[in-house]
S.K.: 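Sharing a structure with you now.
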Amino acid sequence: MDNPILSYLWLVPVLPLVSAAIIAVCPQPCRRLAATLTIGSMIASFFVALAAFLTVLGVGGSAGGHGGGEVFRGFFNFEWFRFGGEALRLGLLLDPLTAAMLVMVTFVGSLICIFSVGYMSHDKNFTRFFGFLSLFSAAMLGLVIANSLLLLFMCWELVGLASYLLIGFWYHKPSAVVAAQKAFITTRIGDLGFFLGMVWLSSEAGTLLFYDGGNGLLEQSALTKMATGLTVGGMAVSTVISLLLFCGAAGKSGQFPLHVWLPDAMEGPTPVSALIHAATMVAAGVFLVARVYPLFSVVVGPETVSAALQVVAWTGAFTAVFAACIAVAQNDIKRILAYSTVSQLGYMMLCLGVGGLAGAIFHLIAHAFFKALLFLGAGSVIHGCHEEQDIRRMGDLRHRMPVTFVVYGIGMMALSGFPFFFSGFWSKEEILHWTHGWPVSQVPFYMALGGAFLTAFYMTRQMFFVFFGKKHSKEAAGAHESPAVMTVPLALLAAGAVLLSLVATPAWPWFHHFIEGGETHFDFSVFFVFGNLALMGASILVVGAGVGIGWFLYGRKDLPEAVADPLDRAAHPVFQVLQNRFYVDEFYAATVFRVLRGAAEVAAFFDRFVWGGIVLFARGVARFFSVFADVYDRHLFNDGFDSGCEAFRDSGGFLSRLQNGKIQSYLGVAGAGVVLLILIIAWI
C-alpha cells in the first residue's frame, strides 16, 4: 500500500452502505433519521473522496502528483478467499479517473439527496426511499474504486438492483412496475455479454485485477498477449473481449439498440431520474470503457485505430443523433431530458471511440452537473405545478418560479453548448476537435454537429413551452416556487455547471492533463489557431441556428395550447415518427417479443405435452411397478412368510405339549412305545 489514503478509500462506498443497512431495519416513521443518515454518509464520503482527489493532485507532498507531469496510480490488492491452491484476489484503485469520479458522484449525489428531502416530504415511504438512495450510491462508489473487474461487476449488478428498486419505487403505478422490469431485463441483456467477456478475459490474462505490479490485465504483458492472439475470423482476442465488455456498457449507458429502458426510467421519482441520468447508473457504462481503455485501444501491427474503438465511435455517433431527433418531438418534460441523456451519452462514447479519453470524461462530469441541474429543475417545476409534466400545459412559469427559471436556464445553456461561460460548450468543443481529427472517417464529425443543432433546438423549445408564453392550465396558473431545501442544491449545481468551464478551455486544459498526465500551462494563442477557430465558429453557428429556429417556431407569446405543435404542422409525418420514438418499441414488440413469445409457447407445449407426457408415462410405469410390488409383497411374500411362521408355531405348540413336565405322561408315552415296539417285533 503506497499511500495512506488507500487505507481509507474503502470508507467511500461503505459509509452509504452502512447507512442503507441501518435504514433497512428502521420503521417508516424514522424519516428524519433516514434522511440524516443518507445525507450525512454521502457528505462524509465526499470528504474522503476529496482527500483522495488532493492526494492524486500531489497536495501536501504526496508522491506521484502532477508536479512532475506523471499520472498518480495507487492500488491495494487483497485476498478475498482461497480454494485449493488458488487465491481469489480483489483490490482498490486510486488514479485520476477514480478521483474525479468519486468527487463528482459524492458531491452531486449529496445535493440530490438534500433535494429529495423537500421533493419526497409527503411520500409515505420516505424512509425506504432514502435507504434505496444510500444503496444506489454505495454500489456506484464501489464500482468506481474497484481494481478488479470481478469487484466492478459485483457492484455493477448492485447498481442494476438499486435502479430496479428506485425506478419501481411507486409500485402502485403499473407503468412504474413495467419500467422497472424493462430496465432490469434490458440491462441484463448487455450484462450477459459483459459476463462472457469477463470470463474470457480471466482465461486469457489469468487474472481479473486491473493493476498488479506488472501482472494486471491492463498492463503491457497481458495486453500484448491478447492483441497478438487471434480468434475465428482473424479478429484479435483483445477486440472480441472488448466488444463483449462494450455490450454491458451499451446496456448501462443506453446506447442503441439497448437504449429503450432509459426513457421509461422516468416513472420513478424525479430525484431518481437525476441520480440515474446524471451521476450514477448511466455514467457506469462510459466509466467501464474508460477504465479498460488500454484493452479497447491496444493494436499490434499496421492498424492505427482498433476495431473495438471504431464500433464504440460509430455506436456513439448514431445514438447521439438518433436520441436527439426523438427529443425534438416529446412533450413530457422529463422524457425530453431522458432522450437528451441518451444523446449526450452517445457523445461520450463517440469521444472515447475517436481517442479522446479525457474529453469524454470531462463531458461525463460536466454533464453530471448540468443534467442533474435540469432533472432537479424539472422536479421543481413538477412540484410547483402540482405534478403536471406535460410542457404544453405549462407556460409563463418564469414569473411564478424565478429561481427555478434562472437555474434551469443555466442548465439549458450548458447542455446546448452556449459559448463561452458554460462547461457544456468546452466539453463539446473537445469532442468535436477529437472527432474532426479521427483518421477513419469524417462522418461522425458531421453527425456530432447535427446532434449539437438538435440539442439547442429541443432545449429552446422546452424553455419556451415551460417558462414563456401563456399559462395553459390551472396547474400552471397556480404554480409556486419550491422551498429552499430544493432551490439551494439547484443553485450549487448551476455554479458547478459554470465553474467547470475554467478547467477545460484550450488555453488551460487542466483537466485533460489531470486525467492523462503532462504539464499544464496557460497558452491563449491556441484560440487564434485557424483550425481551432474554425471548429469553434462552426459549433457556435450550429448552436445559434438551433436556438434561432426554436425561437422562431416557439417564441410567440400567443401560442395557444389547442394549436398543434408548429413543427407538427410543418412536417406532420416526420413529427409523428419522432414522437413515437421511431417505433423502436413497436418494432421490438413485433419481432423480438413475438419471437420470444413464440419460443415460450413452444417451450410450454413441450413442457406440457412432451416432457409432461414423458413424466406422466414414467409416473404410470412407476405406479404399475409399485402396485405389482405391493401385491407381491402383501399377498405372496408376506402371506407365505406368515403361513410358514404359523406352521412353525403350531408344530412348536405340539412339541411343547409333549414336554409338559408330568412324569405320568412321560411313562404313558414310554409304555405306549414299548407296546408298539413289541407289536412290530411280533409282526416281523
Side-chain angles (χ1 to χ4, degrees), residues 112 115 119 167 170 173 175-176 179 262-278 323-324 326-344 367 370-416 454-482 486-487 490 493-494 550 553-554 559 561 565 567-568 578-579 581:
I112 292 172
F115 179 92
Y119 190 86
I167 294 170
W170 286 329
K173 296 169 54 180
S175 57
L262 206 152
D264 290 345
M266 299 300 96
E267 294 295 336
T270 299
V272 174
S273 304
L275 199 61
I276 290 177
H277 287 252
I326 297 175
V328 165
Q330 302 305 304
N331 296 315
D332 186 302
I333 186 171
K334 289 169 64 178
R335 194 169 289 273
I336 295 171
L337 298 178
Y339 278 106
S340 170
T341 298
V342 177
S343 179
Q344 298 308 307
H367 176 265
F370 59 69
K371 186 54 64 70
L373 169 61
L374 288 169
F375 267 111
L376 296 184
S380 178
V381 169
I382 294 168
H383 183 270
C385 291
H386 311 285
E387 306 307 314
E388 179 59 61
Q389 294 187 202
D390 192 331
I391 61 174
R392 296 169 299 180
R393 294 181 55 79
M394 298 178 185
D396 197 34
L397 294 184
R398 69 186 189 278
H399 294 125
R400 292 186 173 272
M401 306 183 71
V403 177
T404 301
F405 167 64
V406 171
V407 296
Y408 202 91
I410 292 173
M412 173 264 180
M413 288 187 282
L415 173 60
S416 301
L454 292 170
T455 302
F457 174 78
Y458 65 68
M459 288 307 298
T460 302
R461 171 180 178 265
Q462 187 189 65
M463 285 293 294
F464 277 112
F465 264 122
V466 176
F467 293 103
F468 295 88
K470 295 181 178 179
K471 303 179 185 69
H472 290 152
S473 67
K474 62 180 182 180
E475 289 81 5
H480 58 83
E481 185 60 271
S482 299
M486 297 170 66
T487 55
L490 291 175
L493 289 170
L553 291 177
Y554 300 99
L559 186 66
E561 177 192 6
D565 189 292
L567 191 61
D568 189 12
L578 300 181
Q579 194 169 49
R581 309 175 299 279

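When reading the values below, keep in mind they use all heavy atoms of this one structure, side chains included, and skip hydrogens, waters and symmetry mates. Computed from a predicted model, the values in this text were never measured in an experiment. Residues: numbered from 1 along the sequence shown.
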S.K.: Counting only N and O atoms by type, is there a donor-acceptor contact under 3.5 Å from the side chain of Q330 to the main-chain atoms of I326?
M.R.: yes
S.K.: So, do I410 and F370 sit near enough that their side-chain heavy atoms are less than 4.5 Å apart?
M.R.: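 Answer no - side chains too far apart.
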S.K.: Under a 4.5 Å cut-off applied to non-hydrogen side-chain atoms, are R398 and F468 in contact?
M.R.: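 Yes, side chains in contact.
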S.K.: How about R393 and I391: do any of their side-chain heavy atoms sit closer than 4.5 Å?
M.R.: no
S.K.: I'd like to check Q579 versus N331 (side-chain heavy atoms, cut-off strictly below 4.5 Å). Are they in contact?
M.R.: yes
S.K.: Find the distance between CG (L262) and CZ (R335) and round it off to the nearest 0.5 Å.
M.R.: 10.5 Å
S.K.: Where do S416 and T460 land on the side-chain contact (heavy atoms from CB on, under 4.5 Å) test, with the steps shown first?
M.R.: CA-CA 9 Å; S416 301; T460 302; 5.6 Å; no
S.K.: Looking at every non-hydrogen atom in both residues, tell me the closest pair between P271 and I112 and how far apart they are.
M.R.: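 That would be O-CG2, 3.6 Å.
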S.K.: Please determine whether side-chain contact (heavy atoms from CB on, under 4.5 Å) holds for the pair M459 and L374, giving the CA-CA distance in whole Å, both sets of side-chain angles, and the decisive distance to 0.1 Å.
M.R.: CA-CA 11 Å; M459 288 307 298; L374 288 169; 4.2 Å; yes
S.K.: Where do M401 and G384 come nearest, in terms of heavy atoms and distance?
M.R.: CE-CA, 4.1 Å
S.K.: Start with the C-alpha gap between F375 and F115, add the side-chain angles, then the distance that decides, and say whether side-chain contact (heavy atoms from CB on, under 4.5 Å) holds.
M.R.: CA-CA 11 Å; F375 267 111; F115 179 92; over 6 Å; no
S.K.: Can you name the residues that form a side chain to side chain donor-acceptor pair (under 3.5 Å) with T341, not counting sequence neighbours?
M.R.: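 So T341 forms a side chain to side chain donor-acceptor pair (under 3.5 Å) with H277, K371.
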S.K.: Tell me the closest heavy-atom pair linking V403 and T487, and the distance in Å.
M.R.: CG1-CB, 3.9 Å
S.K.: Of the non-hydrogen atoms in A265 and S273, which two are nearest, and what is the gap between them?
M.R.: O-OG, 4.2 Å
S.K.: List the steps and the verdict of side-chain contact (heavy atoms from CB on, under 4.5 Å) for F405 and H399.
M.R.: CA-CA 8 Å; F405 167 64; H399 294 125; over 6 Å; no
S.K.: Quick one: pull up CG in D396 and CZ in F464 and give me the separation to the nearest 0.5 Å.
M.R.: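 Here the interatomic distance stands at 12.5 Å.
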S.K.: Are any of the side-chain heavy atoms of E267 and K173 separated by less than 4.5 Å?
M.R.: yes
S.K.: Restricting to side chain to side chain donor-acceptor pair (under 3.5 Å), what partner residues turn up for T404, sequence neighbours left out?
M.R.: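 S380, E481.
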S.K.: Residues in side chain to side chain donor-acceptor pair (under 3.5 Å) with Q462, at least two apart?
M.R.: Y408
S.K.: I'd like to know if R392 pairs up with D565 as an ion pair, taking the criterion as any Lys NZ or Arg NE/NH1/NH2 lying under 4.0 Å from an Asp or Glu carboxylate oxygen.
M.R.: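 Salt bridge flag = no for D565 with R392.
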S.K.: What are the two closest heavy atoms between A324 and S343, and how far apart are they?
M.R.: CB-OG, 3.7 Å
S.K.: Find the distance between CG (D264) and CZ (R581) and round it off to the nearest 0.5 Å.
M.R.: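 One gets 7.0 Å once the value is rounded to the nearest 0.5 Å.
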S.K.: Quick check for you: to the nearest 0.5 Å, what is the distance between L415 atom CG and H367 atom NE2?
M.R.: 6.5 Å
S.K.: Contact between L376 and M486 at the side-chain level, heavy atoms closer than 4.5 Å - yes or no?
M.R.: no
S.K.: If the condition is side chain to side chain contact (heavy atoms under 4.5 Å, CB included), which residues does T270 pass it with, not counting sequence neighbours?
M.R.: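 If we apply the side chain to side chain contact (heavy atoms under 4.5 Å, CB included) test to T270, skipping adjacent residues, the hits are Y119, K334, I382.
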S.K.: Sequence neighbours left out, what passes ring pair (Phe, Tyr, Trp, His ring centres under 6.0 Å) with Y458? Give chain and number order.
M.R.: none
S.K.: Calculate, to the nearest 0.5 Å, the distance between atoms CE and OG belonging to M266 and S175 respectively.
M.R.: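 With rounding to 0.5 Å, CE (M266) is 12.5 Å from OG (S175).
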S.K.: What residues form a side chain to side chain contact (heavy atoms under 4.5 Å, CB included) with V407, not counting sequence neighbours?
M.R.: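 Side chain to side chain contact (heavy atoms under 4.5 Å, CB included) check on V407 returns L373, L490, A494.
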S.K.: For residues Y339 and A323, report the shortest heavy-atom separation together with the two atoms involved.
M.R.: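 Taking Y339 first and A323 second, the nearest heavy atoms are O-CB, 3.4 Å.
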S.K.: Under 4.5 Å between any side-chain heavy atoms of I167 and I276, yes or no?
M.R.: yes
S.K.: Who passes side chain to side chain donor-acceptor pair (under 3.5 Å) against Q389, sequence neighbours left out?
M.R.: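 Expected list: D332.
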